[in-house]
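The model shown is predicted, which means the values in this text are computed figures rather than measured ones.
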Amino acid sequence: MAALIFSKANAAWQPEIRIGILRGVNSVNLQMSAPCNIVDADTQKIIRAVDAGENFTIYFDEMTANALEIRGGYDLQTAINGKKYFGGVRINKNNNSLNVISLAPVEEYLRGVVPEEMGVYFSTEALKAQAVAARSFTLKNRNRHESEGFDLCATNHCQFYGGVESAKNLTDKIILETRGEIVTDGKRVVDTNFHTDSGGMTENVADVWGSAAPHLLPAVELETKTQPWTVEISAKDFSAKLDINELKSIKLSKLEIGKAAVDRSKSGRVKFALIIGTKKNLQISGNDLRTKFSLPSTLFDMKFDGDKIIFSGYGRGHGVGMSQRGAEAYAKIGWSYDKILAHYYRGTTLKKLY
């Protein structure tokens, strides 16, 4: 662990991120790495002191405050049900259960994100691009889970966050080297979505989630038809999931990466397919097909072959923003992380926020 790298000398101001760790639990076991106080979050009244290393449990039935907070110094770590996270913790009452929220400075939070999202086997410049993209995504999407009392969750709905055990020396160093850097349109931090592999060209965000963004447009890759995959579904299961009784045929134009069609976006991803059934005809989006049949991406062909449906495609993920494997390919030919980011996030520049 790179504890000496993240010293108090680097503890200047930075935003705090609230990460949802547990939801809907009746109790939570905690252990703090340093002496702390349990505080009523609403009144700031100290409920009791906690010794370093003390193991204790908060129960919903015994909690009189609406919310509790336990904070400490810069180096504080909290073990939540035995798993260590950076920073302090907040426990919110939510109906008849508890939500447990990690309270981490953003740079500490990234120590548990970057190695989870990209891994230390990537090139340095690709990792730097990932660190800046993850930081920008974090700050742009604060309050994404505000209705639940926190900023981001710890899953791929937001960003994978593995806590203290995920941190690695290499990614710690890279996070420090890019400290405070964000992707901006010149006025504000922008949404920096990223995914595993585009398959050959990234996607226009408007074709995935409906809302346009000038910096999230299709970007070409060095390689095409990457990460090939095949998924087979029985015609019976396919028809049942779509409630069409019996499948008669499928209408979808042939995949050509980088070529649009009526039913395909500019990158070649499926916008919609027409499913002809004995009960009804159904026009279904590529995103819905991906969700219903657990497909790696929407960059695919479909074939009705007797008693089964064969999906064959490329890439992994939604295709919007930076392709992690694409960033690695550009890093290997000598691109710097700022050039990689400018390629995937059109018309943006880097800014040091703090």
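A salt bridge is defined here as a Lys NZ or Arg NE, NH1 or NH2 lying under 4.0 Å from an Asp or Glu carboxylate O, and K84 with E165 fails to meet this definition. Salt bridge K45/D40: absent, no basic N to carboxylate O contact under 4.0 Å. Checked for salt-bridge contact, K241 and D288 miss the test: no charged N lies under 4.0 Å from a carboxylate O. Under a 4.0 Å N-O distance rule, the pair E108/R111 qualifies as a salt bridge. Between R18 and E148, none of the side-chain N atoms (NZ, or NE/NH1/NH2) sits under 4.0 Å from a carboxylate O, so this pair counts as no salt bridge. Ionic pairing of E232 and K303 is not present here: no N-O contact between side-chain nitrogen and carboxylate oxygen is shorter than 4.0 angstrom. E181 has no carboxylate O lying under 4.0 Å from a charged side-chain N of K352, or vice versa, which leaves the two without a salt bridge.
The salt bridge (charged side-chain N to carboxylate O under 4.0 Å, His left out) pairs that include a residue from residues 125-136 are E107-R135, E125-K128, K128-E177, where partners are two or more places apart or lie in different chains.
In terms of modelled atom types and a separation under 3.5 Å, the side chain of H215 and the main chain of D191 share a donor-acceptor contact. The backbone N or O of E246 lies less than 3.5 Å from a partner atom in the side chain of T278, making a donor-acceptor pair. In terms of modelled atom types and a separation under 3.5 Å, the side chain of T171 and the main chain of K168 share a donor-acceptor contact. N92 contributes no side-chain N or O that, together with a main-chain N or O of N94, makes up a donor-acceptor pair within less than 3.5 Å.
Annotation: side chain of V89 is not in contact with side chain of I101 (no heavy-atom distance under 4.5 Å). Looking only at side-chain heavy atoms (C-beta outward), L252 and V270 come within less than 4.5 Å of each other.
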Check step by step if side chain to side chain contact (heavy atoms under 4.5 Å, CB included) holds for F300 and L255. CA-CA 7 Å; F300 61 80; L255 168 61; 5.7 Å; no
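Pairing each heavy atom of G162 with each of E116, the nearest pair is N-CG, 3.8 Å.
Residues passing the ring pair (Phe, Tyr, Trp, His ring centres under 6.0 Å) test with F122, sequence neighbours excluded: none.
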